[in-house]
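Here the structure is laid out as structure tokens; the discussion comes afterwards.
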Amino acid sequence: MSLRLPESRTSKDALWTELLTRGDSDVAWRDGRTWAYVYDPGPDAEELSKRAFVRFLDVNALDPTAFPSALRLENEVVSMAAQHVNAPPGAVGSFTSGGTESIILAVKAARDAWRASRSDRTHARPNLVLPETAHAAFHKAAHYLDCDVKNVPVDPATYRAVPALIEDAIDDHTCLAVGSAPQYPHGVIDPIEALAAIASARNVRFHVDGCVGGFMLPFWKRLGADIPAFDFTIPGVTSMSIDLHKYGFAPKGASVILHRSAALREHQLYACSTWAGYTIVNNTVQSTRSAGPMAAAWATLRYLGSEGYLELARRMMDATARVRAGLLAIPGLAIMGDPDMNMLAFTTTDGTSVFHIADEMKERGWTVQPQLSYGPHRANIHLSVNATAPELVDPMLAALAESTVAARTLPSGHLAAAVVSLLGGKPSLDDALFMQLMSFAGVKAGADGPTLPSRMAGINEALDALPPKAREALLVKFANLLYST
Ligand SMILES: Cc1ncc(COP(=O)(O)O)c(C=O)c1O
């Protein structure tokens, strides 16, 4: 705990100077060398969205009768998104803080509608039927909302959901089935048409997670890409999540949840009158909500228009084609599946540790995102190909080729073997054992929390060697240290 509230005021200049240096150790995303986390429309759109954000920062969407400007912004953003994905007349939606909140709300609407339809409503426990590539946000939603998860294997070669397996998993307790367009891990689109038909035949709601692609895929299609149907043109699709802070290129804090009809949304909403204060009726998880993100998204969508998004899509599409060709030419690397958009994952074919490759890329100034293995799916590196840096494709591929060669010579597996043997057979992870593991892994404790070693391969390999539940237990303990106050 290093900072206390100061007794006296601090000058604006001093604070601003300090804030400006605060990002110095963040990944340097503006230079285009960060190939995950970043959705950059370029400086022009960024400048406008920031002005719009600040203009509405203080407007509170908690009470749309007091702040009709927020209501109008929300309705207009939802309307633009809904029409973009062919939502029928009568479709409705809400503006949320991000994909996770949109997904939590889709699950809440489905869960409560399912419960309301049953006579044993208070005791019955609903489930979600998910391809195992569906985003972790669905697991989080199930955890928060007390639903079970049926995590269904995907095709091990294409990474797409398998309709017959989803069909087998749906039962009388299923409140929601899910497909992604595309899924994050490998960037492929699930067979939405077949999945939605199966769910609909069983009278189960079907959600399309378009957090990544809902906004961008229509432009990809207009540019001639072979994109299967994925939106409300498919009758069984009951809801969709679309992140505007991803490929809508709006600043962070912007997503929408759409429902085919107001009746389907009803259980998403929450009202409370059993307390002594003002009456609550909320359409989202948040109550007090800044209208800043809504205004920023509203401004970005209108400023760019289809013309601007098509241009961004074209750049991403061209760069992605070059990245794919370049990856295929690097001996020992293979793309996983056949990605449909600009996100992809690659792995090694000769056993070289992808975690060393990620470290070697970092040494050369590039940030890429390692993903752990899961079930039959190998550990890999995720790349999101950005729109702003086509000239960086060749240097990135050159760095990757060098990193792959360098990684091949590095030793692997020592820490993983030690961690597995330390943890082996222990029923739970107590604090003493956890601290022992941290020191083994080279994590240094400090007054302001732990510091990770600059090379993460050993730690990633150790996590990769553990079963998912043990990984989760370790990560929770680590995060509990990291947020040090
Ligand atoms: C397909 C998909 N769904 C949901 C999410 C969760 O979105 P957020 O991080 O905005 O909560 C993500 C995030 O990457 C995603 O890729």
Side-chain angles (χ1 to χ4, degrees), residues 29 34-40 77 81 85 93-108 128 130-145 149 151 154 159-161 176-192 195 206-217 220 227 230-231 237 239-258 284-286 289 293-294 296-297 300 316 336-337 339-345 367-372 374 377 380-386 479:
W29 60 271
T34 301
W35 288 52
Y37 316 112
V38 173
Y39 309 90
D40 180 6
V77 170
V85 290
S94 307
F95 185 92
T96 74
S97 61
T100 300
E101 188 181 356
S102 292
I103 286 167
I104 288 173
L105 292 172
V107 172
K108 175 179 167 1
L128 312 181
L130 309 177
E132 63 193 348
T133 47
H135 196 271
F138 290 96
H139 296 259
K140 186 172 176 180
H143 178 74
Y144 283 4
L145 294 167
V149 167
N151 211 14
V154 296
Y159 305 99
R160 298 182 204 275
L176 188 69
V178 170
S180 307
Q183 40 94 315
Y184 187 90
H186 316 94
V188 302
I189 302 175
D190 287 325
I192 301 296
L195 297 175
F206 185 76
H207 180 86
V208 175
D209 183 4
C211 284
V212 160
F215 203 78
M216 196 32 69
L217 284 173
W220 225 252
I227 303 295
F230 69 92
D231 65 12
V237 171
S239 59
M240 260 187 101
S241 43
I242 301 179
D243 285 0
L244 301 173
H245 64 198
K246 293 193 174 79
Y247 294 110
F249 292 100
K252 304 273 186 275
S255 173
V256 291
I257 169 71
L258 301 173
T284 66
V285 176
Q286 291 176 297
R289 273 198 298 168
M294 289 173 198
T300 307
M316 289 195 290
M336 301 173 86
D340 287 302
M341 222 173 87
N342 63 322
M343 286 189 167
L344 56 89
T367 301
V368 296
Q369 189 181 39
Q371 301 189 111
L372 302 183
Y374 178 70
H377 311 302
N380 60 72
I381 290 180
H382 169 100
L383 294 179
S384 298
V385 182
N386 217 335

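As the structure lists them, so they are numbered: ligands from 1, and atoms in each ligand from 1. Just so it is clear, the structure is predicted and the values come from calculations on it, not from any experiment.
Among His245, Gln183, His135, the residue whose heavy atom lies nearest to atom 10 (O) of ligand 1 is His245. Comparing heavy-atom distances from atom 9 (O) of ligand 1 across Lys252, His382, Lys246, Met343 singles out Lys246 as nearest.
By the 30° and 60° cut-offs, the orientation of the rings of His135 relative to Tyr184 is perpendicular.
Ligand 1 does not have Glu101 within reach: every non-hydrogen atom of the residue lies 4.0 Å or more from it.
How far CH2 of Trp35 is from CG of Asn386: 8.0 Å, rounded to the nearest 0.5 Å. From Tyr37, atom OH reaches atom OH of Tyr39 across 10.0 Å, with rounding to the nearest 0.5 Å.
When each of Val212, Val188, Asp190 is tested with Pro182 by the rule side chain to side chain contact (heavy atoms under 4.5 Å, CB included), just one qualifies, namely Val212. Among Asp340, Ile192, Val237, the single residue meeting the side chain to side chain contact (heavy atoms under 4.5 Å, CB included) criterion with Phe230 is Ile192. The side-chain hydrogen bond (donor to acceptor under 3.5 Å, both in side chains) test with Ser255 is passed by exactly one of Ser94, Ser97, Ser102: Ser102.
Closest to atom 2 (C) of ligand 1 among all protein heavy atoms lies Asp209 OD2, 3.3 Å.
At a 3.5 angstrom cut-off on N or O pairs, Pro182 does not count as close to ligand 1. Where the criterion is an N or O separation shorter than 3.5 Å, residue side chain and backbone included, Thr100 meets it with respect to ligand 1.
For the 3.5 Å distance criterion, the side chains of His207 and Ser241 qualify, holding a donor opposite an acceptor.
Here is the list of ligand 1 atoms found below 4.0 Å of a heavy atom in Asp243: 7 (O), 10 (O). Each of the following atoms of ligand 1 lies closer than 4.0 Å to a heavy atom of Cys211: 2 (C), 3 (N), 4 (C). Of all the atoms in ligand 1, the ones that sit under 4.0 Å from a non-hydrogen atom of Ile103 are 4 (C). Residue Tyr184 has at least one heavy-atom neighbour below 4.0 Å for each of these atoms of ligand 1: 14 (O), 16 (O).
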